[in-house]
Every structure is written in structure tokens, then in C-alpha cells.
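A quick note: this is a predicted structure, and the numbers were derived from the prediction, not measured. Heavy atoms only: backbone and side chains are in, while hydrogens, waters and symmetry mates are out. Position 1 is the first residue of the sequence; numbering continues from there.
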Amino acid sequence: MNLIPESCIRPLRFETIEQNFTLNLPFNFAESNMRSLNNHLMSECSKSPCLHNFTCIPNYDNDTYECLCPRPPYEGKYCKDVDECTTGQHDCSGNANCTNTIGSFNCTCKDGYVGNGRNCTEITIALESDMLRDYGNYSYHAALKTFMDEVPEDVVNTRWTRCWSGKNDGFDVTRTFHPQCDGKGATVTLVRKNQYIWGGYTDVPWSSPSTNTFYNSTKSFIFTLFNIRGFNPQKFNIIKTNIAVYHHHHNYGPAFGGLKDLKIHTHASTMKYNINKPYAYAIPPGCAYNQYCNFFTGIEDLYTIDDIEVFYKNTM
């Protein structure tokens, strides 16, 4: 039974951040207690109790407040972030690391795997390089694999065998590179100066003609793994296909693009005749056509190298 006369009851309308509603309350209560309740709840919200800047709204029915946030990935009265990595509420690959973030998570493939974190494929190290072992990591192999995967047909089901190592065999090309690598088919060349690593691929077999000879190729390219921007793999495709590679027995090892884009001279570790000048291949960032380019080595001039490796392909 309602003991309060109807004449003493009047509607009182309240507006909050998220709600509009009308309560029929005794006017004496409405004038005092409701104002006190409203001030109390608004005061609680003014303290910003909700985590991660979520909105606080008074809940008059229960004399409390609520935090508005999506659930999941948040939980609890204050919108606490759910750690999906700890609770297992993520879809990262079993070969990936899960890192919790506010409201979400990130998946990153583990060393030895490549992918988007949800799907991670093991990197097949088909090129046993001392250089990449000692100065690189799995990311170097993954970048090189990506470059090679773009070569039509040439490298499918291929394992690469080293035919020349400057560090192990010496840098005299007449005694090492040409006798060991000529006529082997498609090759990959890796060059190192300090921490910088770059090189080239060609489908044209190396040879030792009696006269200077340029060879045509539409598949050859040069690349960098570590350059003046750090680990920043980039590939530069052939433009002038008629001078893709250069062969000469007496003075040169691998030479790409008119003796300019990438030329490795005999005794390259001690003789400063090696060169990078964009000419027949795409121009690297910050470099100019037919001008010394420091993008690969940090040196805008002729230079010596610390090591070189050449690999030829074996189809499995």
C-alpha cells in the first residue's frame, strides 16, 4: 500500500552521460536525497575509476556506477584488460610468440620461421653461408629466400652449393673464383664489408672468355640485406638487360651491370678497385645514375671487402 498521498508525488527527470529516465518520487525525497545520490555517483565518476580512459556512468538503480567498455577484450567492474596470451584466448601460431597489448595482442613468428604470426612457416636454409651464420640471422635467410622465390622456375626445389669463399679460398680470382665457379649455372653472390652485406643473382653461368664480354639476362638482380639503413633488405631488378653481367678472366670476379652496379675485382680484400655505381639495375635510395653509391657499403668511393661467397644451384 502506498502511504504517501498522490499529491505529494511528482515526476523528477534525471539526465546522465548515457541515460535519460524519469522517476516518480516524493518531492521531499527528490529535493534532497536524490540530489545527494546524484552528486555522490557523479563524484565517484569524476575520480576516473575506469581503466584505459573508458566512460564512467552512474547506475542509480544499484547506487553505484558502471564502466562502459567492450567485453571481451576487457573484463571486471573497472574494464581490466584481458591478457589473451596468458589465458590462451589468442590465435597465434604454435611457432609464434604472443605479446599482449591493451585491448588486443600481437603474434610474431619465432626465429627460424616466417609469416604473419597466425601462420608461420619454417625457413629452409638452402644456402649454408658462413657469412650469414656469423653476421646475420634467420631474417637474412628469410629475406634472401623471398628474393629468390620471385625468380621464375630457376630456384624451385633448389639447394645452393658454395663454390668460392674469399675468406677460406683466397681472393685471387684466377686461382679461386673462375676455376671453381665457371660453368656452374645460376649463382648467388654474397659480399661483406664490415656489417654490410649485399650481392647479386644471375642465371648466366660465369665464364672466362679471352675478350671482355657482356651477357644478356632478364632475371639477374642485385640486392642488399644490411645497408646504411641497417637491416633493410631491398632488391634491384635489371633494367639494361643487354649488359646484365660482365665476364673477364684476368681481373674480375662477379661483375654486374657494365662493370658498375656491382664489380668485385681480383684481390678484392686488399685492392681498392671494387665499385657500386647504379647503371644497368634499378637505382638504390639516395643514389644517382652512374655515380658512386654508398647505400650498400657506407662508402661513396672504391673500396675493399672483407669476404665474398658464391653459390651455384643444385636441383633436388
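I238 and V204 fall within the same hydrophobic cluster, defined by Ile, Leu, Val, Met, Phe, Trp and Tyr side-chain heavy atoms under 4.5 Å apart, directly or through other members. Follow the hydrophobic side-chain contacts under 4.5 Å out from L225 and you reach I299 in the same cluster. Y140 and I305 fall within a single hydrophobic cluster, where Ile, Leu, Val, Met, Phe, Trp and Tyr side chains are chained together by heavy-atom contacts under 4.5 Å.
Across D182, T189, T187, a single residue satisfies side chain to side chain donor-acceptor pair (under 3.5 Å) together with W206, and that is T187.
For F256 and Y246, the ring centers sit 6.0 Å or farther from each other.
By the SG-distance test at 2.5 Å, a disulfide connects C67 to C50. Here the two cysteines C85 and C98 have their SG atoms closer than 2.5 angstrom.
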side-chain contact (heavy atoms from CB on, under 4.5 Å) between S220 and Y215, intermediate numbers included
CA-CA 11 Å; S220 297; Y215 287 89; over 6 Å; no
D81 and L51: CA distance, side-chain angles, deciding distance, side-chain contact (heavy atoms from CB on, under 4.5 Å) verdict:
CA-CA 8 Å; D81 175 59; L51 299 173; over 6 Å; no
Report the C-alpha separation of V82 and Y74 in whole Å, then their side-chain angles, then the decisive distance to 0.1 Å, and conclude whether the side-chain contact (heavy atoms from CB on, under 4.5 Å) test is met.
CA-CA 5 Å; V82 175; Y74 300 93; 5.6 Å; no
Give the C-alpha distance, both sets of side-chain angles, the deciding distance and a yes or no for salt bridge (charged side-chain N to carboxylate O under 4.0 Å, His left out) between K80 and E75.
CA-CA 5 Å; K80 178 183 177 182; E75 64 183 3; 5.1 Å; no
Under the side-chain contact (heavy atoms from CB on, under 4.5 Å) rule, what do F177 and D172 come out as? Steps first, then yes or no, please.
CA-CA 8 Å; F177 170 62; D172 183 345; over 6 Å; no
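Remark: side-chain polar atoms of N276 are not paired, donor with acceptor, to backbone N or O of C293 under 3.5 angstrom. Not one N or O on the side chain of E309 forms a donor-acceptor pair closer than 3.5 Å with the backbone of W164. Checking side-chain atoms of S165 against main-chain N and O of D169 turns up no donor-acceptor pair under 3.5 Å.
Using the six-membered ring where Trp is involved, W160 and Y201 have ring planes that are perpendicular, over 60° apart on the 30 and 60° scheme. Taking the six-membered ring for Trp and thresholds of 30 and 60 degrees, Y273 and H265 have ring planes inclined between 30 and 60 degrees apart. Note on ring orientation: taking the six-membered ring where Trp is involved, the planes of F54 and H52 are perpendicular (angle over 60°, cut-offs 30° and 60°). Relative orientation of the F296 and W198 rings is tilted, given thresholds of 30° and 60° on the angle between their planes. Using the six-membered ring where Trp is involved, F147 and F221 have ring planes that are perpendicular, over 60° apart on the 30 and 60° scheme.
Closest of all the heavy-atom pairs between I197 and Y135 is CD1-CB, 4.0 Å. Of all the heavy atoms in N106 and T101, the pair that sits closest is ND2-CG2, 3.5 Å. Residue N232 comes nearest to N227 through the heavy atom pair O-ND2, 2.9 Å, listed as atom of the first residue, atom of the second, then distance. Considering all non-hydrogen atoms of both residues, F311 and L190 come closest at CE1-CD1, 4.0 Å. Minimum heavy-atom separation, H178 to S208: ND1-OG, 3.2 Å. Summarising the geometry of C109 relative to N119, their closest heavy-atom pair is SG-O, 4.1 Å, with the distance given to 0.1 Å.
Residues N95 and E122 have side chains not in contact (no heavy-atom distance under 4.5 Å, counting atoms from C-beta outward).
With respect to D307 and R192, no salt bridge is recorded, no charged nitrogen being found less than 4.0 Å from a carboxylate O.
Atom CZ of R175 is surrounded by 12 or fewer heavy atoms from other residues, nucleotides or ligands within 6.0 Å.
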